[in-house]
2 protein chains.
Amino acid sequence: MSQQKDTNRRVVLASRPHGAPVEANFRTEHQHIPQPAEGEVLLRTIWLSLDPYMRGRMSDAPSYVPPIGINEVMGAGTVAIVEQSNHSDYAPGDWVVSQNGWQDYALSRGNGLFKLTGPVLKHPSWALGMLGMTGFTACMGLLDIGQPQAGETVVVAAATGAVGSIVGQIAKLKGCHVVGIAGGAEKCRYAEEVLGFDACLDHQNDDLAEKLKRYCPDGIDVYFENVGGKVFNAVLPLMNSKGRIPLCGLVADYNATEAAPGPDRLPQFQDTILRKRLRVQGFIVTQDYGHRFEEFFRQMSQWVAEDRFVFREDVIDGLDNAPETFIGMLEGRNFGKVLVRVAADKPGGK
Amino acid sequence: MSQQKDTNRRVVLASRPHGAPVEANFRTEHQHIPQPAEGEVLLRTIWLSLDPYMRGRMSDAPSYVPPIGINEVMGAGTVAIVEQSNHSDYAPGDWVVSQNGWQDYALSRGNGLFKLTGPVLKHPSWALGMLGMTGFTACMGLLDIGQPQAGETVVVAAATGAVGSIVGQIAKLKGCHVVGIAGGAEKCRYAEEVLGFDACLDHQNDDLAEKLKRYCPDGIDVYFENVGGKVFNAVLPLMNSKGRIPLCGLVADYNATEAAPGPDRLPQFQDTILRKRLRVQGFIVTQDYGHRFEEFFRQMSQWVAEDRFVFREDVIDGLDNAPETFIGMLEGRNFGKVLVRVAADKPGGK
């Protein structure tokens, strides 16, 4: 079903997943479209961003984001059009970044809305990618925590993913030797040939550790950790003294249901941190760097205007396909930034 | 045997330990006293510092310090008297901090010597403790990486050990709530009653995790990690968002001979770093902060002059007892900073 003018489809959390989410954890409901009160706007969703952190919100275990309640709408960043406005700052037809979640329509009092103007309107979905949380995460994690210096070696996990692909390209801009890690030959080729990484290695091959050593002959100065799991085993022995590990995500572990079997790698990790004087730091971009969004947006808008970046979007049409797409993304089946095109409108084309 | 005027005793590494060191890993040799060439001084050891990091140097596995060769003298920081001098900066009778290692006499060309003058001469062994590498390690790790703020909670492992006791006292000076962890009721009582910690918990008790929770009602902002092992399991769940973990030592793991059994705690650790946006950073004071020693020495000398610190020395007489004392220290049998009094001289008393 496509977006309707008189009905709000919404995808709610039907039950909490045990391990990997399945379609039964989601339920699509249909409602009347809500009416905006004084001071509110009615927003219509055009683009919906799917991101791995949402898996954490589906569980009620402690996480860095509060859990979504059962029967509540799945949360998500969106690009939307103002349909009706009782708010002096917004007019019908305005494009905004909002937090509509997995649904066609949502009300807002303007909190957290970000109006799209200028060049980004040529490509509004970029406001959820390069110019949005994805790019912001890549930028702050790499530059503020990773602090890459020209000539240093930067390794990026999930190299063709939304965040990883930008991390690697910024690192190249900074003059680093960049080695990506991705799943499958096609992604690796893309990272090398299109994104311009110096190399990209397939973590599905058994010889990852050997290859990584060969392609990082001077060791690793910055490892942008976006994945967790076994890739870490290959990276850790190659870290240089005073290396930095910005810890951005652990998608490989999000579906884990029980403690991992031994051996216990923690003592070895601690020993390496000590011996090599590493800095390992977790961050959540909205919480740690929210005050620097404008600074990021200016810088990244300039890079985008200069055509410095390739940014691949993996677009799926239709809100009904969001659950299946999300499940696949957690298994690494996406190729680029995952977006659901909820409606096909273009700026000015309404 | 005590120190002689015509013979140099030296304790060499006879063999590499497998697991905990044993006395057979050491061998005492007797030599003629070496003669200083032009530009050299002959130093006589008075105080010898024993520190856990030396365990790493006894192995040839990669470590943050190069391994000691078989049949080489065990390395160590020492306080020594200049016996003969062919160096214009030093005169017989001068007291210096040096790196003589586990022996009575050593030659030096002046590199790395630190002449003791002023108040520290009243208590020269302090130059290996509060006013030396021990205090420097505590100060830099806590203040530069830990960055404790007044009102925050600081937890210190090995609370009555050389470094830990100073960490906790500095944290108290900074207005923090300080909870120590130590082995045995006597050490815990000492930390509370003499060092002035708010509480000190015995890691030998089964209820460490519960007690730690009770005594850190506002969570933990800084954990000064000096130990590794199971204490970490109790600390990690209590870390607050944006918490800091300066990683200074892992004495509980130094004698490990094989990978620890499961479960694998690494994913949980990474998840906590991410979720709580922790900063975990290893450091080696001589390598990371060598340029700040003067600054430290001035500050700490002032605190010492103001009698702000209690510093307990665990003094053993006689170089022959160094191996046994060192082995015991790795098992936590010491109580305070471990020093071997190689000879009994006092400044001016020669």
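If you're wondering where the values come from, they're calculated on a predicted model, not measured in any experiment. So you know, we letter chains A, B, ... as the sequences are listed, proteins then strands, and number each from 1. Note: hydrogens, waters and symmetry copies are ignored here, and every other heavy atom, side chains too, is used.
- Contact check for A:R277 versus B:Q281: no side-chain heavy atoms found under the 4.5 Å cut-off.
- Contact annotation for B:L278: only backbone heavy atoms (N, CA, C, O) come within less than 4.5 Å of a heavy atom of chain A.
- In terms of heavy-atom pairs under 4.5 angstrom with chain A, the leader among B:V280, B:L247, B:I145 is B:V280.
- Only the side chain of A:F269 comes within less than 4.5 Å of a heavy atom in chain B; its backbone stays farther off.
- Between A:L266 and B:Q268, the closest side-chain pair of non-hydrogen atoms is not below 4.5 Å.
- For B:E210, the CD atom is loosely surrounded, since the number of other residues' heavy atoms within 6.0 Å does not exceed 12.
- Taken from OG in A:S241 to CD1 in B:I284, the straight-line distance is 7.0 Å, to the nearest 0.5 Å.
- Between A:R265 and B:P267, the closest side-chain pair of non-hydrogen atoms falls below 4.5 Å.
- For A:Q147, the CD atom counts as densely surrounded, since its 6.0 Å shell holds more than 12 non-hydrogen atoms of other residues, nucleotides or ligands.
- Within the 4.5 Å cutoff, the side chain of B:Q287 has no heavy atoms near those of the A:K242 side chain.
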